[in-house]
Amino acid sequence: MAFVQNVPFFSIMLAMFSGIISSVLPGKIARRLHGVVTTMIGLMSAWLLVYLWQSDIGSYVFMMGHFPAPWGNEIRAGVLEAGMALFFCVIMLLSVLGGRKKRFDEIEVSKHNIYYILTNLLLGALLALVYTNDMFTAYVFVEITTIAACGLIMIRQNGRTIEAAVRYMIMSLLGSGLLLMGICMLYDLTGHLLMSNMQESVTQIMEAGTYSIPMLITIGLMTVGIAIKSALFPFHAWLPDAYGYSTVSSAAILSSLVSKGYIFLLIKIFYRVIGFEYIAGSHILNILFLFGLGGMIFGSISAIWEKDIRRMISFSSVAQIGYIFMGFGLGTEAGMIASIFHILAHAATKSLLFVAGIGLTDVSAGSRSFFDLTGAGYRNKVAGVGFAVGSLSMVGIPIFSGFVSKLLFAEAAVVDPSWRMFPTLIVLAISTILNAIYFLKTVLRIYTPESAAVEEEKGFYRITWKEQKWYAFTIVMFIVVNLILGVTSQPILEIIKEGLHNFA
Amino acid sequence: MFGENLFVNYGEAVAMILFGIGFANLLFQKNLIKKIIGLNIMDTAVYLFLAEKGYITGRLAPIVVNGVQDVETYINPIPSGLVLTGIVVSVSVTALMLSLTVRLYRRYHTLDLDEISARLRKEGL
């Protein structure tokens with residue numbers, strides 16, 4: 001076994017242990033430790049990705065502990081997992097960097113190291129979700145992710161965030177309760193906890209034609225559980241408060257990483273536990289499809305009505321999660337690839353929008369109202385450019401990442417025609433127009449000049465990139481990530497395709 | 001005959017009913033403490049389900065004391081292990097929820113989540 005194959009294990013352990021060590025470190029050192037550890041894990045994941053891409057092994061299984069397959073615990077890594085781990089590290093690093101200044105204002109100094117415990121634990125849990133090959137381990141790490149995310153929301157102490165954290169926890173716990181029940185029932189049906197062994201048993205059960213109703217209920221429980229946790233349309237009530245009032249790094253991490261970790265687990269369940277042919281034949285995907293379409297429309301409409309810019313960006317997340325589940329609902333491999341690409345595109349864009357949005361509200365005397373943002377793009381030029389790029393990407397303008405995913409969704413709907421084709425195309429068009437309305441409206445607003453007298457009266461100020469070098473660097477890096485996803489989408493799609501083939 | 005299996009597996013049926021009760025409590029109760037009680041009922045129902053599935057009538061707990069290593073003697077130990085892990089998870093989640101409840105109660109002197117939301121809207125924070 002090549003040494004590089006230890007990377008998944010090392011990354012999870014490194015993230016977990018640095019979280020534990022952060023509890024006794026002062027805030028500043030904990031911050032640096034977080035930066036170093038995340039960079040290291042990112043580099044190691046890139047190494048693993050290159051290794052797996054060049055070699056012909058495709059994917060491999062890493063035995064945890066000293067017990068072989070049916071009894072022990074396993075980690076499994078392929079190109080898709082390594083790519084996801086790399087991407088999560090990049091977004092995590094940039095999100096934490098972008099909200100750096102804001103955290104000093106919003107979090108008590110004595111609690112700064114706690115923030116990095118949470119981010120490290122979150123990263124470790126997300127990596128474990130990406131790599132694990134064991135369903136019960138996945139459940140445990142889903143719960144760790146939930147607890148860490150709840151901490152990230154409530155670390156900014158005011159009534160709003162605590163209420164948002166409580167609502168987040170309640171919905172998440174309902175979701176994980178359903179997921180746990182589903183996993184337990186699946187264990188009873190198959191007698192295994194490892195994904196590959198489960199799939200063998202599931203195939204046998206399917207071929208024998210027995211237990212069809214329990215199987216359907218099991219899949220339904222797990223799917224609905226994860227849909228609730230990742231805020232699919234009818235279950236999204238907790239989302240705007242949780243993303244809208246937490247500190248900006250938390251909002252960026254929650255929207256771009258936490259929900260994506262759960263969705264990645266769902267993809268693994270579809271491909272590696274149940275088998276995609278069976279999933280595509282069941283009616284579960286129709287439900288996901290309809291809810292996804294509903295989310296695409298409803299999230300955008302709510303965003304148009306919203307006058308608070310942070311909540312507007314949050315409602316846009318509901319719409320984008322709808323896109324992802326709509327892609328699942330198409331029930332084809334092309335739809336799945338489009339969804340996975342949209343996971344990347346949305347994560348890169350939404351964290352950019354949150355980080356840029358905070359720069360705009362800061363120079364507008366902290367007011368989050370849409371009307372106070374007039375001319376904010378001139379007061380903080382870097383944030384203005386970042387927000388404009390993010391908006392264009394979300395709307396789907398070419399060369400940005402959002403365009404590629406919309407193109408892929410439309411292609412996936414047309415290539416394999418079914419009754420789903422017309423609803424997909426129509427809703428995609430409507431949703432794009434709605435996106436354009438609220439995002440471009442905001443971009444126009446921030447580039448409408450405000451008179452100097454009004455600016456002075458309201459206490460607005462100007463800030464150049466030299467006064468906020470780290471922030472400017474973060475925005476530029478986010479834009480670069482967005483452009484990389486938008487321009488070099490072909491190799492990334494190859495990786496996704498190869499990874500999905502290895503899944504089955 | 002329909003319902004025959006239901007009677008044989010009444011333990012699982014009870015677990016499912018309890019799960020439903022806990023789920024509904026967690027979702028619909030206004031009082032935060034009652035929500036947490038619902039959460040615990042829901043989790044306990046899952047453990048009952050697992051224990052019920054792992055137990056085989058007439059067999060012993062899987063602890064070797066008298067040198068008998070035959071598989072036929074013992075029950076399946078894995079569900080018990082899963083229950084233990086699940087208990088750890090649910091204890092930590094419950095602790096977190098209770099601490100959040102204490103925070104909210106100190107601020108707003110009520111346990112009614114809807115009333116807290118209404119007051120937050122009035123504050124306009």
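Just so it is clear: chains get the letters A, B, ... in the order the sequence lines come, proteins before strands, and each one is counted from 1. Computed over heavy atoms, backbone and side chain alike; hydrogens, waters and symmetry mates excluded.
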Under 4.5 Å from a heavy atom of chain A, the part of [X] involved:
X	answer
Ile116(B)	side chain
Phe23(B)	both
Leu82(B)	both
Leu96(B)	side chain
Ser117(B)	both
Leu113(B)	both

With respect to chain B, which residue among [options] yields the maximal number of heavy-atom pairs within a distance under 4.5 Å?
options	answer
Met154(A), Met171(A), Arg167(A)	Arg167(A)
Gly151(A), Ser176(A), Cys184(A)	Cys184(A)
Leu174(A), Leu180(A), Val166(A), Asp241(A)	Leu174(A)

4.5 Å side-chain heavy-atom contact, [X] and [Y]:
X	Y	result
Leu126(A)	Thr145(A)	yes
Tyr168(A)	Val258(A)	yes
Thr132(A)	Ile75(A)	no

Subject >> Which atoms of Leu178(A) approach chain B - backbone, side chain, both or neither, heavy atom under 4.5 Å >> reply: both
**OP:** Please look at Glu143(A) and chain B and tell me whether the side chain, the backbone, both or neither of the residue comes under 4.5 angstrom of a heavy atom of that chain.
**Re:** side chain
Original post:
If you count the non-hydrogen atoms of other residues, nucleotides and ligands that lie under 6.0 Å from OH in Tyr74(B), is the total more than 12?
Top reply: yes
**OP:** Look at atom CG of Leu84(B) and say whether more than 12 heavy atoms of other residues, nucleotides or ligands are closer to it than 6.0 Å.
**Re:** yes
Original post:
Where does the angle between the aromatic ring planes of His236(A) and Phe233(A) fall among parallel (under 30°), tilted (30 to 60°) and perpendicular (over 60°)?
Top reply: parallel
Original post:
Salt-bridged, Asp308(A) to Arg368(A), with N to O below 4.0 Å?
Top reply: yes
Original post:
Is it true that Glu72(B) and Arg59(B) have a side-chain N and a carboxylate O under 4.0 angstrom from each other?
Top reply: yes
Original post:
Given the options Met16(B), Met42(B), Arg103(B), Met97(B), which has more heavy-atom pairs under 4.5 Å with chain A than any of the others?
Top reply: Arg103(B)
